[in-house]
K.L.:
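Dumping the structure here so I can ask a few things about it.
Naming convention: chains lettered A, B, ... in sequence-line order (proteins, then strands); numbering from 1 in each chain. These figures come from a predicted structure and were not determined experimentally.
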Amino acid sequence: MGTFHSVFAKILRNHSQKIGYPTNFTIYDSQDSKSLLKTIIKELNLDDKIYKPSLVHGRISSAKNNLISAAEYEANAEIVGEDRMSAKPRLFEIYKTYEKRCFMAGAMDFDDLLFKTNILLRDHPEVLHYYQHKFKYILVDEYQDTNYSQYLIVKKLAAVFTNICVVGDDAQSIYSFRGANIENILNFKNDYPDYKIFKLEQNYRSTQTIVNAANSVIEKNQDQIQKTVWTSNDVGQKIKVIRTLTDNEEGKVVTNHIYETKQNEQANNLDFAILYRTNAQSRAFEEALRKMNLPYKIYGGLSFYQRKEIKDLLGYFRLVANPTDEEALKRVINYPKRGIGDSSIERVIIAANHYGVSLWDIISRPRDYPTDIPSGAMNKISGFVTMIESFRVQLNKVDAHEMAQAIARSSGILKELYDDKSPEGVSRYENIQALLAGIKEFTENVGEDEIGYLHDFLSDVALLTDADQEKDENKDHITLMTIHASKGLEFPYVYVVGLEENLFPSQMALHSRPELEEERRLFYVALTRAEKLATLSYATSRYRYGNIITSEPSRFIEEINAEFLDIANPSRGAGVSMNQFNLERKIGRTKEPLFTTRRNLKKIEDSDPTNEQSATTEINPSDLSDLKVGYNVKHERFGKGKVVGLEGTPPIKATVFFPQVGNKQLLLKFAKLEILS
DNA sequence: CTTGCAATGACTGAT
DNA sequence: TCATTGCAAG
């Protein structure tokens, strides 16, 4: 039992040589992947403003999730055409180089764990045969969140016995951004014609109010499989809606509300969850909870294993276990500082590319691979190599904890952090100690007469999350997490916070119906986490990038059938009779009818305090109001371009194609476009 | 090669 | 706001 990634990482380790990888292959996390892509983009002399590493990564990731190799990517006219249209014609080169470099480094990224599993099962029938008979029965949970790559693995493994059961709910599909494909549920019928379907329409978790409210929201989606979810539970309380002026106030009000509910209902902290759209929202709630002395735990966010100091030490571990690991080498070769700077590392990379070997080969065998690295730097480098090699001698002799301590000490990391007496430095030092303690525990927990080696510990540390290393599980705390992380969980009292346009739904999702519908499903997931009481909150202004921005309530609040809502409003009092279009008025937010404000595109930020009211209306009406699709325009930064799309009447936003940079969405209010013809 | 300061840009989401 | 990058000086 495990996630796809962890199960197949283990299987890949058993057979890695068959596909040309070392047993000790490294798993690159997203940070590693992006960092490598950044280096490659620089090497190819491409502009990382156009070839943004995260964008490139997303593109490669979705290719892999659809089992498109770099060679197939290059040969695929449609894909290459798309890249050319978006002014990124050399993406396939980046993909090819990236694939090669990962292979040279003995590293797989997250997507490779599935991609290479498919290759292993495709090219090695004996391996496939073995696992087909090892796993006679297969159960896949949250099937709506599987992607094509995962789908194919399951299909292959189940091909002999066809003992397969999948559980999924299309209304809870919230991972399409990582390639999840709802089609997999539909394909199931074709792949296994003898299938039996069991509809689970009774909800045993939530009150009638919550179930019906959630239904009233999800029915706004066009893409859905029709079903009637119902419950025989109590009607329960109405869903509370809280409005506050600022994000900090939101934290306080929600915390107070939790405090009171705890008193009134004799509830535990564990009965409460605060759910938000983005990790960055946790801060206001942390502060408020700490002031009220309410224990809480934040899941996700910068997890333990993603912190810099932890990644640094793990970088040493990785390098010792697998010296060809390029990202690990780059991370630690000059940390702590030992006088090996960027230019020296660059020379190493150039030499490695020139000889077609790993970075480690260059620095560990300078005689075989002469370089132009100055002798001073080379001396420092060989000192580093000697240190790593001395660790490697020990690798299979002593256990993980002994090894880890030796590395932490001799590398200088421990001293470096110990000397830093700032609060952050102290906390980093403690984190390192916590990691070492965790490794100690690991070595003590392997079976008798066995030794837990460092590479055993390392083998799937990249796949660990906070939830895995849960130690104080029995402690009574309030739970803070993103909605994504909350899927599958349940709490008596749930607070869904930050229900504001541009935040939830995210501004990234406003441009297309499928994306907006995924946000709506996310909201559906959030609501249905609640057993007894769901509370929604939003703030009319919040800090973003250090500026205060104004925000308006999320459309999702209105989409709940008004009979299920209890809108806390000091001025008007809660009313049942008002229909949902009156919500804005009920809340007392605006004098204007809803639909006209909705049509005005939201300003992304409005930092000019003198100008708050007029900002939405003062669209330069004179020259740009008659802008039409097809016009040639000029932008001060992007140069000449052609208008390919417009939104609003009069136009507020334009999509403009610039030959240099591709399509850009511009707010006319800011863009200062000049009409050429 | 490192350091310090100014400028810049990022906040979806997670294996 | 916070972390990273670019640039000039030491």
Side-chain angles (χ1 to χ4, degrees), chain A residues 2-9 27-35 38 42 48-49 52-55 57-58 61 64-65 108-115 117 142 145-147 149-150 173-180 247 275-284 299-303 305-308 334-347 373-374 376-377 380-381 424 460-468 481-487 498 500 502-510 515 518-519 521-523 525-526 542-549 604-605 607:
Chain A
T3 63
F4 272 90
H5 288 83
S6 68
V7 168
F8 294 109
I27 298 172
Y28 277 177
D29 66 14
S30 317
Q31 272 180 53
D32 296 319
S33 302
K34 279 177 203 159
S35 147
K38 214 169 164 182
K42 216 163 77 190
D48 67 354
K49 297 269 158 43
K52 285 197 177 133
S54 57
L55 233 132
H57 182 244
S61 175
K64 284 187 183 173
N65 284 329
M108 295 195 199
D109 67 16
F110 282 142
D111 304 312
D112 281 333
L113 295 177
L114 308 172
F115 184 86
T117 300
E142 305 287 8
D145 288 332
T146 52
N147 60 35
S149 188
Q150 293 164 326
S173 162
I174 55 173
Y175 281 106
S176 70
F177 69 88
R178 66 179 198 217
D247 45 355
L275 306 180
Y276 33 76
R277 177 67 235 275
T278 67
N279 281 308
Q281 284 165 259
S282 66
R283 219 202 60 216
Y299 291 82
L302 249 203
S303 79
Y305 289 100
Q306 287 166 11
R307 299 199 182 134
K308 181 186 178 303
N334 198 31
Y335 180 83
K337 295 237 173 339
R338 44 177 78 87
I340 306 169
D342 292 346
S343 53
S344 302
I345 295 170
E346 206 152 297
R347 283 170 214 245
I373 299 167
K380 291 170 187 159
I381 290 176
E424 297 83 15
D460 40 25
V461 84
L463 299 173
L464 287 183
T465 63
D466 270 1
D468 290 319
M481 54 171 58
T482 63
I483 301 165
H484 281 92
S486 76
K487 197 166 65 150
E500 292 144 41
N502 289 334
L503 183 60
F504 191 19
S506 155
Q507 73 255 31
M508 319 287 282
L510 296 179
E515 284 179 299
E518 176 146 324
E519 295 285 303
R521 292 193 294 270
L522 192 58
F523 183 58
V525 168
R542 76 170 54 236
Y543 268 95
R544 225 165 177 190
Y545 310 132
N547 291 319
I548 296 173
I549 59 148
I604 311 272
E605 57 184 301
S607 49

K.L.:
Could you tell me how far apart A/Tyr335 (OH) and C/dT4 (P) are, to the nearest whole angstrom?
P.N.:
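My rounded result for the distance is 13 Å.
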
K.L.:
With side chains defined as the heavy atoms from C-beta onward, is the minimum distance between A/Lys64 and A/Ser149 less than 4.5 Å?
P.N.:
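No; the side chains remain at least 4.5 Å from each other.
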
K.L.:
Report yes if a donor N or O on one partner sits less than 3.5 Å from an acceptor N or O on the other, where the partners are the side chain of A/Ser30 and the base of B/dT15; otherwise report no.
P.N.:
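Under the 3.5 Å cut-off, the side chain and the base do form a donor-acceptor pair.
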
K.L.:
Looking at the side chain of A/Lys38, which of C/dT4, B/dT15, B/dG13 is the nearest nucleotide?
P.N.:
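The listed nucleotide nearest to A/Lys38's side chain is C/dT4.
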
K.L.:
Does the aromatic ring of A/Tyr175 sit over the six-membered base ring of B/dA14, closer than 5.5 Å centre to centre and tilted less than 30°?
P.N.:
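No, A/Tyr175 does not stack on the base of B/dA14, since the centre distance and plane angle fail the 5.5 Å and 30° test.
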
K.L.:
Using atom CD of A/Glu519 as one end and atom P of B/dG13 as the other, report the distance to the nearest whole Å.
P.N.:
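Those two atoms, CD and P, are 11 Å apart.
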
K.L.:
Does the structure place the NZ or CZ of A/Lys308 under 6.0 Å from the centre of the six-membered ring of A/Tyr335, at an angle of no more than 45° from the ring's axis?
P.N.:
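Satisfied, under 6.0 Å and within 45°.
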
K.L.:
Flag yes if more than 12 heavy atoms outside A/Tyr543 fall under 6.0 Å of its OH atom; otherwise flag no.
P.N.:
no

K.L.:
Which is true for A/Asn65 with a 4.0 Å heavy-atom rule: it touches a base, it touches only sugar-phosphate, or it touches nothing?
P.N.:
nothing

K.L.:
Can you measure A/Gln281 atom CD to C/dC2 atom P for me and round it to whole angstrom units?
P.N.:
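One finds 17 Å between P of C/dC2 and CD of A/Gln281, rounded.
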
K.L.:
Could you check how far CG of A/Asn279 sits from C1' of B/dT15, rounded to whole Å?
P.N.:
15 Å

K.L.:
For the rings on A/Phe110 and A/His57, is their centre-to-centre separation under 6.0 Å?
P.N.:
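Not under 6.0 Å, so no.
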
K.L.:
Measure from CD on A/Gln507 to P on B/dG13 and round the result to the nearest Å.
P.N.:
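Atom CD in A/Gln507 sits about 11 Å away from atom P in B/dG13.
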
